[in-house]
Structure formats: C-alpha cells, structure tokens
2 protein chains.
Amino acid sequence: MAGTREHLSRPRIVELALDIIDTKGLPALNMRRLAASAGVKPMSLYHHYPNKEAILGAVAESIAAAALGDPHAFGPWQERTRLLFVGLYELVQAHPRALPLITTGVLRTPSGRRWMEELMDVLLEAGFTPDAAARVYHLLGAFTLGLGYAQLLSLEVPAETIVGELTGHWADYPNLLRVGLQLAIWDQPADFATGLDVLLARFAEELDGAG
Amino acid sequence: MAGTREHLSRPRIVELALDIIDTKGLPALNMRRLAASAGVKPMSLYHHYPNKEAILGAVAESIAAAALGDPHAFGPWQERTRLLFVGLYELVQAHPRALPLITTGVLRTPSGRRWMEELMDVLLEAGFTPDAAARVYHLLGAFTLGLGYAQLLSLEVPAETIVGELTGHWADYPNLLRVGLQLAIWDQPADFATGLDVLLARFAEELDGAG
DNA sequence: AAGTAAGGCGTACAAAGTACGGTAACAGAC
DNA sequence: GTCTGTTACCGTACTTTGTACGCCTTACTT
C-alpha cells in the first residue's frame, strides 16, 4: 500500500457518486464529473473500479444495505412483510433519483438479495407456495417501486413544466384543470401504507382460503 | 412538396423508431441506427424532427394513441376506471421496452392527456374530490406501471443472468433457491386484474364512507 | 429552360466511456 | 542511502452518439 495522502478509495468514490446522483440526477453522473468531485482525473477512477457499471453496482449495494434495518422483525407474517416493504419504500424516499439502481439491485446486490431472502423466508414460512410468494413480491414490489417512479417523475419533470405545456389547451382538458398540480406531484407517503395494507389483506384472504 | 420517392416521412420515422425500441430496446435507438434502418444518412432525420427528443415524443404519442380504445365506456365508475387502466396495461404489454416513454407520455402527449382527462372525468363525476382523484391515479398508476417495470426488467435482465450471478452463493439464499426463477420473471397478467380490483374496491369504500 | 424550395447529405465538433502505457511516490531489502 | 517493485494516479487518444452548419440534388412550377 502506497501513500495515505487522504485520497481516493472505493467507499469514497461510492459516496461521491451517490451525492451526484442525489443532487444532480443519475444521468448527470459521469466519469469526468465524478473524478472532478474527487479532485482527481478521470482515469484514476479505473484503478478502483473496472468501469462505470461497477461503480453503479457499488452504489446500489451501498444504498440497499440501508434497507436491512432490523434483520428480523417479529410478529405475524403480514407485519413482517409490511416492514420489509416499508424499508424498501424508505430507501426510495431517501434516494429517489437512484431508483433505477434500486430496482435492479433487489436481485443483484448482496444486500438486496438478503432483503429478498428474508421476504421469501417470511412468506414461505407463512404457508405461501413458492409461486404465490413470487406473486406477492411482484405485486407489492410493483406497487412500491411504481410509487417511487411517480415520485422520481415529479422530481425530474417539475409540475410547472407540465402546466407550461398545457397553456392554451386548457379548454380541451377541463377536468385536468380542476384537479390541477396534484396530478404531476406525488408526495403522499401515507397513501403508500394504505395501498400496501389493502394488497396485503388480499393475500391474507387468499392464504386462509387455501390453507 | 418535392419528390414523392417513397422516402422519409414523420410517420415512417416513428414507425421505424418504435420497431427498434421493441426489438432492440430503448438504449439501442440512436440516430445513426434509425437513419440506417430508413436507408438514409443520419442528418436527414433532422429535416423531419428537430432532435431525438422530438422523435421520442412522437413515438410516445403514437403508442399512447392506442390506449384510447373506446373513448367512452359505459357502466359504473369502477368499471370505467378499470377499463382505463386495463387500456394502460395493454399498452405496456404491447411495448414493454417503451415503458419510460409511456410513463412520461401520460401527461405530456395529447393522447396521454386525453386518457388522463377521461379518467379525471370519471372520478370527479363519481364524487371524488380533486385531491382524491389524483390519489386514485397515483396509486393505480403506480401499480400498473410498476408491474410494467417488473416486466421490462425481466426482459432486459434474463433470469439466467440472475441465476448465474448466484452460483456459489446458494447456501446463503436457501429460500431464493426454493422460489427460483419466478422471482426474476413477471408474466402473470391475471394478477394485474386482481391487484387493480382490490385497490379499486378500497377506493369505492372510501367514497361511500365520505359520500 | 430556369428558378426555387424541400429533402437529403458531408463534415466536423462536443460529451462521455475507456484502452494503453507512462510516471510519481512510497515500502522494504540490502 | 540507494535500489527496486508496487500502488495510485494520469496524458493521450480512440470510439460512440447527438447535432450544428452549410452544400447539393431533385423535382415541381412557370
């Protein structure tokens, strides 16, 4: 190990990359900007990660690790499942602009896989068949991540832009006019819990019916 | 209007672009490839659209137009809402790789806005407040598009890739092993209807409670 | 036949990922 | 203290992709 001059390291790169993603968006993360933010030239990054994809993977893992709050919550399976998805949702809240990384990371990072492993543990133990467990994940996951995409969209395309594109057309869209900005903005985390519970209750019924 | 030599036109460009997206994916759509598929040089495209973004917008509109099946279905509001979201879901089924365009197109293309206008018409007429109507859209939309993203993911990252990355780690993930490929694949359109109905029923309750 | 506008194109530049080989600085051996 | 090898960093340059600018050809009009 050579100089310890306070410089680059894998965790440092990930930290800076995540900061760029959070503040400027995923497309704004490029090797030159990342290097500059580290006070280094672009090619130096390649001594720590083989390519950009590897850096994105490391960011995904770093984010996903935060979803593993308490490894094992107690209570009935509904509650444990609920907590797992609340964790996922909090991830999205914390780093909405990194959502595409979270999406792929669920099955492709160690922490993501551990999250999924625990979910499957809960569901199989509750009595779901493997296929049913996969369905639960897909539906709840789609709902959770779908809300994340709504949030991301309202971040990247501000409501004013949408409204601006509509000026002069309001006559064609009287009901859009009545509903207004709320359509282009998603910021009702409470509704996430509602939807999650409704879907969970449905799966509980299914399980009882079959068991 | 000059020559009618069978060549480029705006609809033709959109058609070819959509074909590339459907067969090779959104990232594979670039101006050079698109031009080549039209038997033309890249810069020729710029005589029909000002830039790539405009082409993507036109593709989004072209796709969205297909969601406007019967402009006005009959029946109670639940049924009409259901049909609108089924239409959206069919769009995703038809062109999963264009999903990011659909997502943004819902409020940014004429056809998308008409779809949204009709949805708001149905909901407001049913008695939802504007805010509640926006919530219905956000939750159902998140669910619908979220499933689309799951499908897109299983298209772009084949299950074998996921499994390949897990070889040697199966001991760490016994439950993932039991559930197997189904986790990485989404192909259960029937479940979409289930989830949709469950969420709709919940909103119906809410409406009755308030009205 | 000549003018004119529309459609197509050649060239060239900027942004971004990264291959390749060089260099600097520090560790340990002697 | 000098030598040597390893580690971290970097300069240069090639590739891909979007697109600005201006030329050229075509085909219809008169």
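Proteins come first, then strands; the chains are lettered A, B, ... in the order of their sequence lines, and each starts at number 1.
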Exercise. Just by distance, do the side chain of Lys52(B) and the backbone of Leu29(B) share a donor-acceptor pair under 3.5 Å?
Worked result: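 It does hold such a pair.
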Exercise. Closer than 4.0 Å, any side-chain N/O of Ser44(B) to the OP1 or OP2 of dG7(C)?
Worked result: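 Looking at the OP1 and OP2 atoms of dG7(C), neither is under 4.0 Å from any side-chain N or O of Ser44(B).
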Exercise. Within the structure, does a side-chain N or O atom of His48(B) lie under 4.0 Å from either OP1 or OP2 of dG8(C)?
Worked result: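 Yes, because at least one side-chain N or O of His48(B) sits under 4.0 Å from OP1 or OP2 of dG8(C).
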Exercise. Any cation-pi pair here, Arg10(B) with Tyr49(B), using under 6.0 Å and within 45°?
Worked result: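 The answer is yes; both the distance and angle limits are met.
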Problem set entry | Parallel, tilted or perpendicular, as decided by the 30° and 60° cut-offs, for the rings of Phe128(A) and Phe203(A) |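 The rings of Phe203(A) and Phe128(A) stand perpendicular, inter-plane angle above 60°.
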Rounded to the nearest angstrom, tell me the gap between atom [atom1] in [X] and atom [atom2] in [N].
X        : N       : atom1 : atom2 : answer
Leu45(B) : dT17(D) : CG    : P     : 14 Å
Arg33(B) : dT17(D) : CZ    : P     : 7 Å
Tyr49(B) : dG7(C)  : OH    : P     : 13 Å
His47(A) : dA24(C) : NE2   : P     : 15 Å
Leu34(B) : dT16(D) : CG    : C1'   : 16 Å
Arg10(B) : dG7(C)  : CZ    : C1'   : 14 Å

Exercise. In chain order, what residues pass the salt bridge (Lys or Arg N to Asp or Glu O under 4.0 Å) check against Glu79(B), with sequence neighbours excluded?
Worked result: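 With sequence neighbours excluded, Glu79(B) shows a salt bridge (Lys or Arg N to Asp or Glu O under 4.0 Å) to Arg82(B), given in chain and number order.
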For this session: For the side chain of Lys41(A), starting at C-beta, report the closest nucleotide among dC10(D), dC9(D), dG10(C).
Result: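 Nucleotide nearest to Lys41(A)'s side chain: dC10(D).
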Could you list, one pair per line, each protein nitrogen or oxygen that sits under 3.5 Å from a nitrogen or oxygen of nucleotides 17-20 of chain C, together with the distance?
| from | atom 1 | to | atom 2 | distance (Å) |
| --- | --- | --- | --- | --- |
| dG17(C) | OP1 | Lys52(A) | NZ | 2.6 |
| dG17(C) | OP2 | Met31(A) | N | 2.6 |
| dG17(C) | N7 | Arg32(A) | NH2 | 2.5 |
| dG17(C) | O6 | Arg32(A) | NH2 | 2.7 |
| dT18(C) | OP2 | Tyr46(A) | OH | 3.0 |
| dT18(C) | OP2 | Lys52(A) | N | 3.0 |

For this session: Check whether any side-chain heavy atom of Tyr137(B) lies under 4.5 Å from a side-chain heavy atom of Phe85(B), and answer yes or no.
Result: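 The answer is yes, as the side chains (C-beta and beyond) meet within the 4.5 Å cut-off.
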Exercise. Are Phe143(B) and Phe143(A) near enough that their ring centres are under 6.0 Å apart?
Worked result: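 Between Phe143(A) and Phe143(B), which both carry aromatic rings, the centre distance is not below 6.0 Å.
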